[in-house]
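As C-alpha cells, the structure follows; a few thoughts come after it.
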Amino acid sequence: MQPLDWAVIGGYFAVLVGLSFWAVRKKNDTSEDYFLAGHSLGWFVVGASIFASNIGSEHLVGLAGSGATDGVALAHYELHAWCLLVLGWVLVPFYTRSRVFTMPEFLERRYSPAARYTLSIISLVAYVVTKIAVGIYAGGTVFAAVLPEVSLGPLDAFWCGSLLVLAITGAYTIFGGFRAVAYTETLQTVILVLGSALVTYYGLQALGGWGTLRDTLGPEMFNLWKPMVPEGLTFEWAPVEEVNEAGDFTRRAWYFNDNYPWFGMLFCAPIIGLWYWCTDQYIVQRALGAENETQARRGTIFAAFLKLLPVFIFIIPGMICLALAKGGEFEQLSGLIDANGDVVRSEAQAVFPLMVQTVLPVGIRGLVVAGLLSALMSSLAGVFNASSTLVTIDLYKKRFPLATEARLVQVGRWATMAAVAVGLLWIPVIKNADKGLYDFLQSVQGYLAPPIFVVFFLGVFWKRANAAGCLAALLIGFAIGLFRLGVDTAPKVAGPDFAYSEGSFLWICSKIYFQYFSLLITAISTVILVVVSLATRAPDATQISGLTYGSLTAEHKAETRASWGTTDVVTSCVVMALIIAAYVYFSG
C-alpha cells in the first residue's frame, strides 16, 4: 500500500461519512422512517442496495476461494438472478399490498401470529450463525492478507480487522437506520463493481488473456455441471466410503459425493435461491422500502442485472490467481499450490486480497481495497438492520404494542449489539470449515431455508394452506435442519480427535451431501404442510384475501397490471437470455 492508495481509501471513507451524516440528519423519528426509509427509495437505490447487501464477505473471500479450488462450480448460485425476477413479478405485489415491515409479519397475515414468532426466531438464528459471523470473520481475513503487519497488543491483523469493520459499520447503521444503509450501499455498489472488475482486467493482463486461463486450468474448471459420481467410481446406494493408501476414493455412496454434483445444483440450489432472494428479510426489506410496486419491481430487475457480475468479478479472479500461481511468476502466490501443482484449500480463502497485492498498480490497489471494505461493510450493515427490524417489530412491539417509537429504535440497537456478540463466538467454528467459507454459508442456509421456502410459496400459490400446517412445517423442518447443523458442528468444536463411528447413524447423516439433505428437509416440510392443512380447518377467506393467487380480486389484478409496462418485460427477458447464455458457455 502506497500513499496514493491510502489517499484513495481516505477519499472513499470521507464520502461514506458524508453520506452517512446526510442520512442521519434525515427524518428517523418513526419506525417507518427508521426501518423502511419512509417508503422513499427509487428503483436504482433499491437494486443497488439489494446487490450490495448480497455481495459481501462470503463473495470476496469465499466465492473467489471457490474459484481457485473448484472453478465455476458455484456459479450456479450467482446465476440465480432469475430468482430476483420471481421476487419482482410474483411476490412484490403481495408484499406491497399487505404493507408489512417484515417477512414474519407477512406470515402472520397469511397464517397466524405463531408463524410470525417462529420465523422471526429462525431468521435471527440464521443471521447469527451465517451472515454476522461470516461477515466479521471475512473482514479479519481480508485485513490479515492485505495488512498482515497490523497488530494491537495480543490482537493480530485478523482480529483488528474484524473489530474495525464491526465498529465502523455498526456506528452508521445504528444511528442512520435503513436510509443510511440503503444509500451507503448504493455508493458501495459502484466502488465494489468498478474495483472488482479491475482485478479481473489486470489479472487477465498479467496472465496473458482469457485463452491462457482456459489452457492453464483446463475445461473441467469451466464446467458448471459435475457428475453425480466421480470418474472411476460406480453408482452405489449403500452408505459406504472407502479410500486407498493414496487417499483416493475406491468406493463411495453417490449421496456422499460433495463435488457439487449436477443433481443437487439443479434441484437444491434454486430452493436456497428462492428462499434467500424472495423471502429473506435481509434482501426483501429493500423492496419494502420502495416508493411503490413499480419502483420495487424495477429495482429487482436492476439487481438481477448486477447479480450476473459476480461470476466474472469474483469467481474468475480466483481462477486467475490459481493460474498465476501455477505459472510461478509471482512469489507471493507460491503458497497457493503444493508440490504437485494442486491448490492448497486452506490457503484459497485469501486469493482475492492476494490478487490485489500482486497484479494491481498503485492507486488502483487503493480503489479495490476500498471495494473490499465496501462489500464487508454493506453486508454487515444489511444484516444489522434486518436483525434490528425483526427484533423490534416482530418480537418487542408485538409484546409491548404501546411502546414509543424512540423505545422501539433503542430496543433494535440493543438487539443488534447482542447478535454481534454471539456472532463473534461462531468465528472459531467458521475458521475450521474444511471446504471454505462459501461452502459453510451455503450448507447452513441449505439446512434452514427449506421450511421457510415451503410455507411462503405454498402459502401464495395454494390457498388451502393453513396456520396449523405452516407451524408444523416450520417447527419440524427447522428441528431437522438444526439437528444436521449440530452434527456438522460437533467435530469442529470437539477437536481433531473427534470422529463419528463409521457406519453409525450420525456418521451417515454427516456424510450425506448438504444439498441432498436440504432436498430431504424440503420434501418432509412440504408433506407436513399439505397433510396437516388438509386434516384441519381451511383458512378464513377474509384473512387470505389478496394474499394468495386464489383469493385475488379484480381490483387487485388491475392494480398490479397498472404497475408494469413494456420496458419491465423487455429488460426481464434480457436478464433471462444472459443467464441462459452463461449456462451454455460454462459447460466445459
Side-chain angles (χ1 to χ4, degrees), residues 1-20 42-64 67 75 78 81 138-139 142 145-146 165 168-169 181-207 210 286 299 302-321 351-382 575 578 582:
M1 297 288 288
Q2 302 299 315
L4 180 58
D5 296 314
W6 287 111
V8 171
I9 295 174
Y12 160 71
F13 273 104
V15 176
L16 185 68
V17 169
L19 190 58
S20 300
W43 66 267
F44 187 88
V45 176
V46 170
S49 181
I50 288 175
F51 180 75
S53 294
N54 167 245
I55 303 302
S57 52
E58 69 272 18
H59 289 77
L60 291 173
V61 177
L63 191 55
E78 303 314 304
V142 170
V146 177
V165 168
I168 296 174
T169 308
V181 172
Y183 281 97
T184 54
E185 284 177 340
T186 302
L187 168 66
Q188 290 162 339
T189 295
V190 175
I191 300 298
L192 174 61
V193 171
L194 178 60
S196 301
L198 288 172
V199 173
T200 302
Y201 172 78
Y202 282 104
L204 288 174
Q205 290 287 97
L207 184 62
W210 186 263
R286 279 98 191 115
F302 177 48
F305 272 111
L306 294 175
K307 183 58 181 170
L308 297 173
L309 297 176
V311 177
F312 303 98
I313 63 177
F314 297 124
I315 292 180
I316 296 301
M319 298 170 67
I320 294 172
C321 190
V351 296
F352 197 90
L354 281 174
M355 286 287 288
V356 174
Q357 284 184 329
T358 304
V359 303
L360 295 182
V362 175
I364 299 296
R365 185 181 299 118
L367 179 65
V368 176
V369 170
L372 285 166
L373 298 174
S374 293
L376 298 171
M377 295 170 68
S378 63
S379 61
L380 278 176
V575 171
L578 291 173

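The figures that follow rest on heavy atoms only: side chains count, while hydrogens, waters and symmetry mates do not. All figures in this text were calculated on a predicted structure; none of them were measured in a lab.
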Could you pull out the closest heavy-atom pair between [X] and [Y], with the gap in Å?
X: L360; Y: I364; answer: CD2-CG2, 4.0 Å
X: V575; Y: A81; answer: CG1-CB, 4.4 Å
X: D5; Y: V362; answer: OD1-C, 3.6 Å
X: Q357; Y: R365; answer: O-NH2, 3.8 Å
X: V46; Y: G299; answer: CG1-CA, 3.9 Å
X: T189; Y: A52; answer: OG1-CB, 3.3 Å

Quick one: pull up [atom1] in [X] and [atom2] in [Y] and give me the separation to the nearest 0.5 Å.
X: I320; Y: Q205; atom1: CD1; atom2: CD; result: 10.5 Å
X: T200; Y: M355; atom1: OG1; atom2: CE; result: 7.0 Å
X: F312; Y: M319; atom1: CZ; atom2: CE; result: 10.5 Å

(request) Using the test side chain to side chain contact (heavy atoms under 4.5 Å, CB included), find all partners of V15 that sit at least two apart in sequence or belong to another chain. (result)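 In terms of side chain to side chain contact (heavy atoms under 4.5 Å, CB included), with neighbours along the sequence ignored, V15 is linked to L187.
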(request) For N54 and F51, indicate whether the former's side chain and the latter's backbone hold a donor-acceptor pair under 3.5 Å. (result)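 Such a contact is absent between N54 side chain and F51 backbone.
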(message) Quick check against the 3.5 Å criterion: does T186 have a side-chain atom that pairs as donor or acceptor with the backbone of A48?
(response)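 No; judged by distance alone, with no hydrogens or angles, the pair does not exist.
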Can you give each donor-acceptor pair under 3.5 Å made by side-chain atoms of residues 191-199, sequence neighbours left out, with the distance rounded to 0.1 Å?
residue: S196; atom: OG; partner: L192; partner atom: O; Å: 2.9

(message) Atom CZ of residue position F305 - does it have more than 12 heavy atoms of other residues, nucleotides or ligands inside 6.0 Å?
(response)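 For F305, atom CZ is crowded (more than 12 foreign heavy atoms under 6.0 Å).
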(request) Under the ring pair (Phe, Tyr, Trp, His ring centres under 6.0 Å) rule, collect the residues that match up with F302, sequence neighbours excluded. (result)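 By the ring pair (Phe, Tyr, Trp, His ring centres under 6.0 Å) rule, F302 matches W43, F44.
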(message) Between L63 and E78, is the side chain to side chain contact (heavy atoms under 4.5 Å, CB included) condition met? List the steps.
(response) CA-CA 10 Å; L63 191 55; E78 303 314 304; 3.6 Å; yes
